[in-house]
Colleague: 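Dumping the structure here so I can ask a few things about it.
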Amino acid sequence: MSFSGEVKEELCRQRSSARHCMIAELSAVILLCGSICISEKNQYQIRLRTESSSTAKKFLYLVKQLFQANVEIQLRRKKGKKSELYTLVVTEHRQALTILQAVRLVNRRGELEEEMLLNHSPILNQVCCRRAFLRGAFLSAGSISDPNSSYHFEIVCDSLYTAEQIRDLIRSLDADAKTVARKKYFIVYVKEGTQIVDLLACMGANRALLEMENVRIVREMRGSVNRKVNCETANINKTVSAAVRQLEDIRYLQTTIGLEQLPDNLDEMAEIRLQYPEASLKELGQYLQPPVGKSGVNHRLRKLGELAEKVRNERGEET
């Protein structure tokens with residue numbers, strides 16, 4: 001099972017104790033993967049279609065627990081696919097109407113609301129209810145990538161209006177959610193690892209949260225080690241390149257003007273560098289008499305380089 005599937009299985013087992021939170025969760029399920037059917041006699045039905053057994057189980061649990069509603073269940077395998085399609089229908093008008101009024105998709109006069117106003121809905125006044133709604137939304141139309149490969153949390157919506165409403169709801173939970181169009185759908189997504197962990201905590205997916213945290217810590221440690229290794233490698237390459245250049249300059253001076261023509265401190269420095277080509281600046285300084293610090297060694301080697309450059313220029317040689 002994918003990581004996303006594991007998260008949904010865990011969320012399916014989450015049971016809110018408060019009625020208001022259960023209604024918030026049910027409203028998200030109906031909004032994102034349900035449909036409302038109205039007969040010629042103005043009779044309501046609620047129809048839910050999903051390939052997720054977790055979503056089907058949660059919808060069935062909520063309508064039974066909250067409203068003791070009768071639900072017809074159909075199960076069929078999609079042609080050419082291994083997945084199964086679950087269809088759950090609340091057929092009895094009064095039960096369907098009661099549910100739709102509770103989740104604010106039908107008003108008190110029995111009229112269908114075109115859009116659910118999440119930002120102003122009384123069913124989402126409390127933080128716990130917004131968390132329950134997010135849980136229902138993820139169960140219905142969400143997915144999360146395997147943290148071993150990337151960090152990506154998303155919820156798929158049929159309309160931009162719904163996507164923007166859910167984006168704002170997630171932002172109210174302190175996650176920087178964004179929206180993007182993808183074919184005929186609108187996606188609400190979060191890509192920052194820490195924020196995705198926080199959203200898992202909000203929804204109650206504690207087991208998945210711990211798994212993702214472990215993966216995230218390992219990835220960050222590997223990244224830190226790689227950065228340090230790359231930095232050290234770059235420093236080593238820089239040091240080696242500098243040493244090679246220094247040796248070239250000293251040998252050039254040796255064959256052109258002779259090291260004995262140099263001032264005593266530079267002559268000594270040149271001889272020590274030739275004798276210890278792989279030594280660091282600190283080690284070179286210890287070989288000098290009297291010993292010299294790194295800055296002093298670097299100063300003398302730079303002087304040798306400048307002198308070699310000057311001799312090349314006087315001889316008309318390219319550097």
Side-chain angles (χ1 to χ4, degrees), residues 1-33 50 52 54-55 57-59 61-62 65-66 103-104 116-148 150-157 162-180 186-217 219-220:
M1 182 182 293
S2 67
F3 182 70
S4 190
E6 291 175 0
V7 174
K8 289 187 176 184
E9 279 293 317
E10 183 176 2
L11 294 180
C12 179
R13 294 190 293 270
Q14 284 291 326
R15 297 287 188 262
S16 298
S17 57
R19 180 179 176 85
H20 49 82
C21 290
M22 295 171 69
I23 289 175
E25 188 170 3
L26 178 60
S27 69
V29 175
I30 295 175
L31 178 66
L32 289 167
C33 67
T50 179
S52 168
S54 300
T55 307
K57 290 174 186 175
K58 180 53 71 85
F59 176 78
Y61 168 78
L62 290 171
Q65 191 75 11
L66 287 167
V103 299
R104 298 301 197 274
M116 180 182 285
L117 299 172
L118 300 182
N119 292 340
H120 305 288
S121 175
I123 65 176
L124 298 180
N125 281 341
Q126 301 182 63
V127 174
C128 59
C129 293
R130 292 199 291 274
R131 291 176 175 177
F133 183 94
L134 178 62
R135 180 165 60 245
F138 182 82
L139 270 170
S140 304
S143 64
I144 183 170
S145 62
D146 186 333
N148 286 291
S150 64
Y151 301 136
H152 186 83
F153 172 102
E154 72 175 37
I155 295 174
V156 181
C157 305
T162 301
E164 289 176 341
Q165 294 265 302
I166 293 176
R167 176 201 63 195
D168 293 344
L169 182 142
I170 293 176
R171 286 179 177 177
S172 76
L173 298 171
D174 299 324
D176 185 23
K178 294 181 174 63
T179 59
V180 65
F186 297 90
I187 314 300
V188 184
Y189 68 93
V190 177
K191 298 188 74 69
E192 209 282 318
T194 304
Q195 295 180 4
I196 294 174
V197 167
D198 291 341
L199 290 178
L200 290 174
C202 284
M203 295 188 296
N206 297 319
R207 187 172 180 177
L209 180 157
L210 292 174
E211 182 177 345
M212 184 170 177
E213 275 286 64
N214 287 337
V215 172
R216 198 166 66 87
I217 290 169
R219 285 185 65 181
E220 288 180 358

Colleague: Do you know the tightest heavy-atom contact between Ala24 and Ala132?
Modeller: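 That closest heavy-atom pairing would be CB-CB, 4.4 Å.
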
Colleague: Name all residues meeting the side chain to side chain donor-acceptor pair (under 3.5 Å) criterion together with Ser4; count only those two or more places apart in sequence or in a different chain, and write none if there are none.
Modeller: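 In terms of side chain to side chain donor-acceptor pair (under 3.5 Å), with neighbours along the sequence ignored, Ser4 is linked to no residue.
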
Colleague: Heavy atoms only: give me the nearest Leu124-Cys129 pair and the separation to one decimal.
Modeller: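 Answer, listing the atom of Leu124 first, then Cys129: CD2-O, 3.7 Å.
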
Colleague: Find out whether Lys178 and Tyr189 are in side-chain contact, i.e. whether some heavy atom of one side chain is under 4.5 Å from a heavy atom of the other.
Modeller: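 Yes; the side chains approach each other to less than 4.5 Å.
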
Colleague: Atom CG of Leu26 and atom SG of Cys21: how far apart are they, to the nearest 0.5 Å?
Modeller: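 Answer rounded to 0.5 Å: 13.0 Å.
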
Colleague: Any pair with a residue in residues 122-136 that passes salt bridge (charged side-chain N to carboxylate O under 4.0 Å, His left out), sequence neighbours left out, goes on the list, sorted by first then second residue, please.
Modeller: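 Counting only pairs at least two positions apart or across chains, the salt bridge (charged side-chain N to carboxylate O under 4.0 Å, His left out) contacts touching residues 122-136 are Glu25-Arg135.
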
Colleague: Pairs of donor and acceptor atoms involving the side chains of residues 193-212, under 3.5 Å and at least two apart or interchain, shall be tabulated with distances.
Modeller:
unit_1: Thr194; atom_1: OG1; unit_2: Arg216; atom_2: NH1; d: 3.1
unit_1: Gln195; atom_1: OE1; unit_2: Asp176; atom_2: N; d: 2.9

Colleague: Flag the pair Met22 / Tyr61 as yes when at least one side-chain heavy-atom distance between them is below 4.5 Å, and no otherwise.
Modeller: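 Answer yes - side chains close enough.
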
Colleague: Would you say the side-chain atoms of Lys8 pair up with the backbone N or O of Gly142, donor to acceptor, closer than 3.5 Å?
Modeller: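 Here the side-chain-to-backbone pair exists.
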
Colleague: At what distance, to the nearest 0.5 angstrom, does CG of Leu173 lie from CG of Asp168?
Modeller: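 Answer rounded to 0.5 Å: 11.5 Å.
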
Colleague: What residues, two or more places apart in sequence or in another chain, satisfy side chain to side chain donor-acceptor pair (under 3.5 Å) together with Thr50?
Modeller: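 Counting only residues at least two positions away or on another chain, Thr50 forms no side chain to side chain donor-acceptor pair (under 3.5 Å).
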
Colleague: Mind checking side chain to side chain donor-acceptor pair (under 3.5 Å) for Glu154 and listing every partner two or more places apart, or none if nothing turns up?
Modeller: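 For Glu154, the residues satisfying side chain to side chain donor-acceptor pair (under 3.5 Å) (neighbours in sequence not counted) are His152, Arg182.
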
Colleague: Enter the distance from Ser2:OG to Asp146:CG here, rounded to the nearest 0.5 Å.
Modeller: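 The distance works out to 8.5 Å.
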
Colleague: Please report the closest heavy-atom contact between Phe138 and Ser143, naming both atoms and the distance.
Modeller: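 Closest approach of Phe138 to Ser143: CE1-N, 3.4 Å.
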
Colleague: At their closest point, which heavy atom of Ala28 faces which heavy atom of Phe133, and how far apart are they?
Modeller: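 Closest pair (atom of Ala28, atom of Phe133, distance): CB-O, 3.2 Å.
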
Colleague: Compare every heavy atom of Ile170 with every heavy atom of Ala177, then report the nearest pair and how far apart it is.
Modeller: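 It is CB-CG2, 3.7 Å.
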
Colleague: Going by side-chain contact (heavy atoms from CB on, under 4.5 Å), name the residues that satisfy it together with Cys157, two or more places apart in sequence or in a different chain.
Modeller: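 side-chain contact (heavy atoms from CB on, under 4.5 Å) list for Cys157, sorted by chain: Leu32, Ile155, Thr162, Ala163, Ile166, Val188.
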
Colleague: Could you grab the distance from atom CZ of Arg104 to atom CG of Leu31, nearest 0.5 Å is fine?
Modeller: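 Here the rounded value is 14.5 Å.
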
Colleague: Who are the ring pair (Phe, Tyr, Trp, His ring centres under 6.0 Å) partners of Phe59, not counting sequence neighbours?
Modeller: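 Partners of Phe59 by the ring pair (Phe, Tyr, Trp, His ring centres under 6.0 Å) criterion come out as none, since no residue qualifies.
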
Colleague: In chain order, what residues pass the side chain to side chain donor-acceptor pair (under 3.5 Å) check against Arg167, with sequence neighbours excluded?
Modeller: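 Applying side chain to side chain donor-acceptor pair (under 3.5 Å) to Arg167 gives none.
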
Colleague: Which atom pair, heavy atoms only, marks the closest approach of His20 to Cys128?
Modeller: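 Looking at all heavy atoms of both residues, the shortest contact is CE1-SG, 3.7 Å.
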
Colleague: Got Lys58 and Arg15 here, is their nearest side-chain heavy-atom distance under 4.5 Å?
Modeller: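 Sidechains of Arg15 and Lys58: in contact.
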
Colleague: With sequence neighbours excluded, tell me which residues meet side-chain contact (heavy atoms from CB on, under 4.5 Å) with Asn125.
Modeller: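 Asn125 satisfies side-chain contact (heavy atoms from CB on, under 4.5 Å) with Pro122 once adjacent residues are dropped.
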
